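Computed from a predicted model, the values in this text were never measured in an experiment.
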Amino acid sequence: MRHGRVTKATNEPAAATRILVVGGGYVGMYTALRLQRRLRRRLGGAARSAHAPQPGEALAPGVTITVLDPDPYMTYQPFLPEAAAGSISPRHVVVPLRRVLPHCQIVVGEARSIDHERRVAHVSTLATAEADAARAAQAGPGRRVEPQTVELPYTELVLAPGSVSRTLPVPGLAEHGIGFKTVEEAIGLRNHVLEQLDIASSTRDPAVRDAALTFVFVGGGYAGVEALAELEDMARHACRSYHNVAAEDLRFLLVEASDRILPEVGEEMGGYALRELRARNIDVRLGTRLDSCENRIAALSDGSRHPTRTLVWTAGVKPHPLLARTGLPLTSRGRLRCDAALRVEGVPHAWAAGDAAAVPDLSAVPDPPTAEAGTETAPQTGQQRGLETGRETGPERSPETGAGTGPEREPGKGRGTGRRTTAAQASSGGAELPLCAPNAQHAVRQARRLADNLVAVLDGREPTPYRHAHAGSVASLGLHKGVAHVYGRKLKGYPAWFMHRAYHLSRVPTFNRKARVLAEWVLSGLFEREIVSLGSLEHPRAEFELAAGGVPRPDKD
């Protein structure tokens, strides 16, 4: 038997193949969805044949697909800015994994480590977390309790845990910063912004009022620009309902360490986006870093200080910490070394795609003789899928700056390539190749290719190398405003915004979500935006605790 395939004529089923997909985000979900469709006749045991097996006919091995993720849903991150602005309900930004993957086993938990030699993942689940809490209470204060894990065996491993926010040791950032990578953060930020308008409307202290109406966003990639643009639209509209807060009182500040914003859409479209934001009285500081935000004061590298109660951090991502606990080969940036077929380099039965994988870019055009060959493009913020469109794309933030810098460079190398040397080799002549950038465009296509290659290997066939050329980029700048650079064509304003919405409506999984999102867009065009803040959702038991005679949990703000 090779790769779980029967090699001799027999009616006895081969040993079952257990595929473990670590990560239920866009890459993990689409990989599992593709596997579910391609292997549907084999799922759950021996092959389900449309006809009775003939004498001597071999039965295909049974397959079990397990998806492991801390959340039982996939977040469609391109819609996070619109969810934060109230254009889309938060429930319609997420897709339940159990509904989309009915033939897969969904395990809500987190992989603590991977023992690939034994083919087991050490997993903590909600049940083990409850047991750990009980043991910690019994052990008493000051005593550390080792978390319990369960072993999840597998035959084939697919790693797609995505990325996490890259935070820097900026004083005060951990205490006062707000991220923008999950639906919880997006809705929390919406409630927070509306709450600041309430604070400004109800105080006579000019210092408190100014701090409440000052909103600082760090990072000029897709995540930062789209979040700022949508929330500025929402806040400006909400000011119409306040008798003593005008849109002119709002102050939005975008801090970017590089010399431009949205580098993925090109210099011309990035320049247009910059002019569009500044025309809306948004203060864009290029070539500027955040040095501190202690005591709710944003201190910038240009010497300016801005008292603020809102600091949104969208300055880059980094590979998921799990990758360092797998024992698999990593690049210096912490991504898994993979070949062009999306297999982990030199490790059988291990696959990776998306932000976690460093995959040779076979479609890359060879650099000129004076350029540096064999390079890795820097990771980008967010993981938007399809066209590069927002939440999970954008240049990674430099550890030295704390804000967007564009592609990171190796020490001593010039600005010409924005890449670094890697060990990826072209199969043809042994020449080094660039690596695919960890953006949406590659991730969604890598998920499909990975699933097809895994099925091919299970069937004893050779996998196909991944190859995809750049398609383009689109970004929203708020309601009816956007920029796009797709297949060489440049669009701006309403056409780019319409393309942004139409593309993502076609890409959001399930017809159910498509219909609901479209209905909400239609209704939002007929009625005004909702400006209700539901900040109490963060502490749902506070009212009951107070009624029961207890002390309600204080608001951290």
Side-chain angles (χ1 to χ4, degrees), residues 76-88 92-93 217 220-234 236-237 252 254 256 260-282 284 380-395 439-442 444-445 468-508 513-529:
Y76 191 73
Q77 294 190 340
F79 283 158
L80 287 184
E82 293 200 49
S87 299
I88 301 177
H92 303 154
V93 176
F217 288 71
Y222 278 119
V225 171
E226 289 193 338
L228 180 149
E230 290 285 353
L231 286 167
E232 191 269 345
D233 259 354
M234 181 200 71
R236 183 159 31 84
H237 179 84
F252 280 80
L254 178 62
E256 168 58 41
R260 59 175 176 164
I261 62 173
L262 296 177
E264 299 80 9
V265 298
E267 185 173 356
E268 180 181 347
M269 292 295 97
Y272 168 80
L274 178 62
R275 294 190 298 271
E276 171 69 23
L277 294 179
R278 285 176 170 168
R280 291 157 60 176
N281 292 323
I282 296 174
V284 182
Q380 301 180 331
T381 57
Q383 296 142 32
Q384 260 169 273
R385 311 313 177 198
L387 293 176
E388 295 181 30
T389 50
R391 282 289 306 142
E392 303 237 348
T393 59
N439 59 29
Q441 200 167 150
H442 284 297
V444 66
R445 290 161 176 82
H468 170 68
H470 182 74
S473 307
V474 296
S476 170
L477 299 178
L479 191 62
H480 299 161
K481 298 173 284 289
V483 291
H485 188 182
V486 182
Y487 295 114
R489 301 194 64 179
K490 300 174 183 178
L491 301 173
K492 56 187 178 182
Y494 187 90
W497 171 83
F498 183 82
M499 176 180 288
H500 179 272
R501 279 200 164 183
Y503 175 78
H504 285 303
L505 184 64
S506 69
R507 292 297 178 180
V508 65
R513 288 297 181 269
K514 288 179 171 64
R516 292 178 184 273
V517 168
L518 181 59
E520 288 188 318
W521 281 344
V522 172
L523 292 175
S524 65
L526 299 175
F527 303 100
E528 293 187 355
R529 289 177 185 259

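- Taking CG from Leu518 and CZ from Arg501, the interatomic distance works out to 10.0 Å, rounded to the nearest 0.5 Å.
- Minimum interatomic distance between Arg278 and Val284 (heavy atoms only, all atoms of both residues): NH2-O, 3.0 Å.
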So Trp521 and Ile88, side chain to side chain contact (heavy atoms under 4.5 Å, CB included) or not? Walk me through it.
CA-CA 7 Å; Trp521 281 344; Ile88 301 177; 3.7 Å; yes
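- One distance of note links CD1 of Ile261 with CG of Leu277; it measures 5.0 Å at 0.5 Å rounding.
- Electrostatic pairing of Glu276 and Lys492 does not count as a salt bridge here, judged by no charged N lying under 4.0 Å from a carboxylate O.
- The backbone N or O of Ala229 sits less than 3.5 Å from a side-chain atom of Arg280, completing a donor-acceptor pair.
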Dump the intermediate steps for side chain to side chain contact (heavy atoms under 4.5 Å, CB included) on Val225 and Phe217, then the final yes or no.
CA-CA 8 Å; Val225 171; Phe217 288 71; over 6 Å; no
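- The structure places CD of Glu230 at 9.0 Å from CG of Leu477, a figure rounded to the nearest 0.5 Å.
- The nearest pair of heavy atoms linking Ala484 to Met499 is CB-SD, 4.3 Å.
- Across all non-hydrogen atoms, the minimal contact from Pro81 to Pro78 is CD-O, 3.5 Å.
- Between Val486 and Leu491 there is no side-chain heavy-atom pair separated by less than 4.5 Å.
- The closest side-chain heavy-atom distance from Arg489 to Pro495 is not below 4.5 Å.
- A side-chain donor-acceptor contact under 3.5 Å links Lys514 to the backbone of Val508.
- Taking the six-membered ring where the residue is Trp, the centroids of Phe79 and His92 are separated by 6.0 Å or more.
- Atoms CD1 and CG, on Ile282 and Leu254 in that order, are 8.0 Å from each other to the nearest 0.5 Å.
- Atom-to-atom distance recorded for Leu479:CG and Glu82:CD is 8.5 Å, nearest 0.5 angstrom.
- Pairing each heavy atom of Ser473 with each of Val265, the nearest pair is CB-CG1, 3.8 Å.
- Tyr494 and Trp497 have tilted rings, their planes meeting at an angle from 30° to 60° on a 0 to 90° scale.
- Taking all atoms of both residues into account, the shortest heavy-atom contact from Val93 to Ala83 is CG2-CB, 3.6 Å.
- Here NE2 of His485 is found 15.5 Å from OH of Tyr272. Values are rounded to the nearest 0.5 Å.
- With Asp233 contributing its side chain and Gly478 its backbone, the two residues share no donor-acceptor pair below 3.5 Å.
- A side-chain donor-acceptor contact under 3.5 Å links Glu226 to the backbone of Ser476.
- In this structure, Glu520 does not pair ionically with Arg516, as no charged nitrogen and carboxylate oxygen lie closer than 4.0 Å.
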